[in-house]
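First up is the structure itself, then whatever we jot down about it.
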Amino acid sequence: MNSKEYQIAVIPGDGVGPEVTNEAIKVLKAAASKVGFTFRLIHYDFSGERYLRTKETLPDSVFEELKRMDAIFLGAVGDPRVEPGILEKGILLKLRFGLDQYINLRPVKLYPGVWTPLKDKGPEDIDFVVVRENTEGLYLGIGGFVKKDTPDEIAIQEMVNTRKGVERCVRYAFEYAKKRNKNKKVTLCDKANVLTYAHDLWRRVFRRVGEEYPEMEKDYAFVDAVCMWMVKNPEWFDVIVTCNMFGDIITDLGAMIQGGMGIAAGANINPEGVSMFEPIHGSAPKYAGKNVINPMAAICAMQMLLDVVGEKEAAKITEQAITTILASGKMKDLSTKSGLKTDEIGDMVADYIFKMS
Ligand code: IPM
Ligand code: MN
């Protein structure tokens with residue numbers, strides 16, 4: 001029995017966030033009791049609901065508390081009653097930036113038994129990881145308007161790339177590819193043919209850091225071509241490293257080829273600090289409270305949490321439960337039309353873990 005008690009912050013958030021979070025916690029409980037570790041959940045109600053009530057998104061004071069956590073689990077943010085950007089910037093991005101979670105790790109993995117829209121492609125072809133830079137790029141929110149609301153309006157949004165930020169991201173990608181030990185290949189996804197300053201920096205850093213990894217194959221691909229190849233030849237990829245904006249876009253495409261938003265999970269990682277785990281599907285308000293959303297993405301995010309905090313055995317058995325249940329073919333369709341209820345799916349995974357020998 002591990003004597004450590006993990007302190008895990010839980011932010012269920014908006015829409016379907018609370019429902020899928022419940023199921024992920026069910027699985028966490030099952031894995032913890034099976035393997036023998038303890039944890040304490042500290043709930044926070046940051047959400048659109050709270051914002052509408054208090055006009056507050058995430059108070060600065062909470063960072064001191066969050067910095068003492070072992071991990072954060074986030075359900076989803078986004079509420080149609082709130083103007084776009086307020087909750088995203090005020091909660092999600094504020095957490096990513098404030099806790100310096102500079103990596104957004106997004107596996108694109110087709111599990112056996114799950115349907116992909118790609119013809120003639122299977123689990124052996126669709127298995128790569130996107131390492132998305134998570135604290136810079138177009139996401140910083142630097143910019144402004146001139147002559148707003150006139151025909152001569154100018155809107156500028158700056159793309160920020162620091163050598164330090166790019167380098168730590170690229171190095172993480174090489175280290176990850178080394179540990180992953182699949183094709184030993186890292187692809188830099190950029191637009192260096194147009195962004196001749198920003199992505200020139202990425203290329204130079206990639207080349208320089210790459211020299212420290214002579215055993216790794218290095219590949220360069222423009223983001224538009226990456227979109228094409230993710231559909232045509234996904235088997236070419238092992239680890240893709242890319243900037244914040246491109247990472248956002250290609251991982252939605254990634255989610256589609258791995259069976260949909262119902263399975264896609266991500267980890268916002270600060271390797272030296274506190275990391276945050278989330279399904280990437282967002283709040284899906286029209287399905288909120290209906291018990292139809294598939295919680296697998298949240299369960300996969302919890303699996304990543306277990307792995308990153310160091311509970312390797314718990315992570316392994318959770319992965320095994322996910323794999324076996326999906327391979328049984330009971331859930332080919334991971335959308336809201338799977339015919340299964342949100343809590344049924346959570347129970348299935350948790351029961352499987354409890355019954356494992
Ligand atoms: C994601 C989301 C966020 C992003 C939004 C909600 C700010 O789309 O996690 O991919 O763009 O990073
Ligand atoms: Mn996104």
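Side chains are part of it too, since the values below use all heavy atoms of this structure and drop only hydrogens, waters and symmetry mates. Ligands are counted one by one from 1 in listed order, and the atoms in each one are counted from 1 as well.
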Cation-pi check, Lys55 onto Tyr51 ring (under 6.0 Å, within 45° of axis): yes
Report, in ascending order of atom number, the atoms of ligand 1 lying under 4.0 Å from any heavy atom of Leu92. 3 (C), 6 (C)
Do Asp100 and Asn270 pair up side chain to side chain, a donor and an acceptor below 3.5 Å, judged on atom types alone? no
Minimum heavy-atom distance Gly210-Phe174, with the two atoms named: CA-CZ, 3.7 Å
Glu313: side-chain contact (heavy atoms from CB on, under 4.5 Å) partners, not counting sequence neighbours: Val35, Lys316, Ile317
Within less than 2.8 Å of the Mn ion (ligand 2), any N, O or S from Asp248? yes
Identity and distance of the protein heavy atom lying nearest atom 1 (C) of ligand 1: Arg106 NH2, 3.3 Å
Please say whether more than 12 non-hydrogen atoms of neighbouring residues, nucleotides or ligands are located less than 6.0 Å from NZ in Lys341. no
Any heavy atom of Arg132 sitting closer than 4.0 Å to ligand 1? yes
Using distance alone, decide if ligand 1 has a nitrogen or oxygen within less than 3.5 Å of any nitrogen or oxygen in Asn104. no
Are any of the N/O atoms on Glu278, whether in the backbone or the side chain, positioned under 3.5 angstrom from an N/O atom of ligand 1? no
Tyr220 and Phe206 aromatic centres sub-6.0 Å: yes
Output the list of atoms in ligand 1 that are nearer than 4.0 Å to some heavy atom of Glu88, sorted by atom number. 6 (C), 7 (C)
Going by the angle between their ring planes, with limits at 30° and 60°, are Phe46 and Tyr44 parallel, tilted or perpendicular? parallel
Is the shortest distance from a heavy atom of Asp248 to ligand 1 less than 4.0 Å? yes
Check if Lys89 has a non-hydrogen atom at a distance under 4.0 Å from any atom of ligand 1. no
Just need the protein heavy atom nearest to atom 4 (C) of ligand 1, so name the residue and atom and give the distance. Tyr139 OH, 3.5 Å
Examine Met302 and Ile280 and state if one hydrophobic cluster contains both, with Ile, Leu, Val, Met, Phe, Trp and Tyr joined whenever side-chain heavy atoms are less than 4.5 Å apart. no
Assess Met245 for proximity to ligand 1: is some non-hydrogen atom of it under 4.0 Å away? no
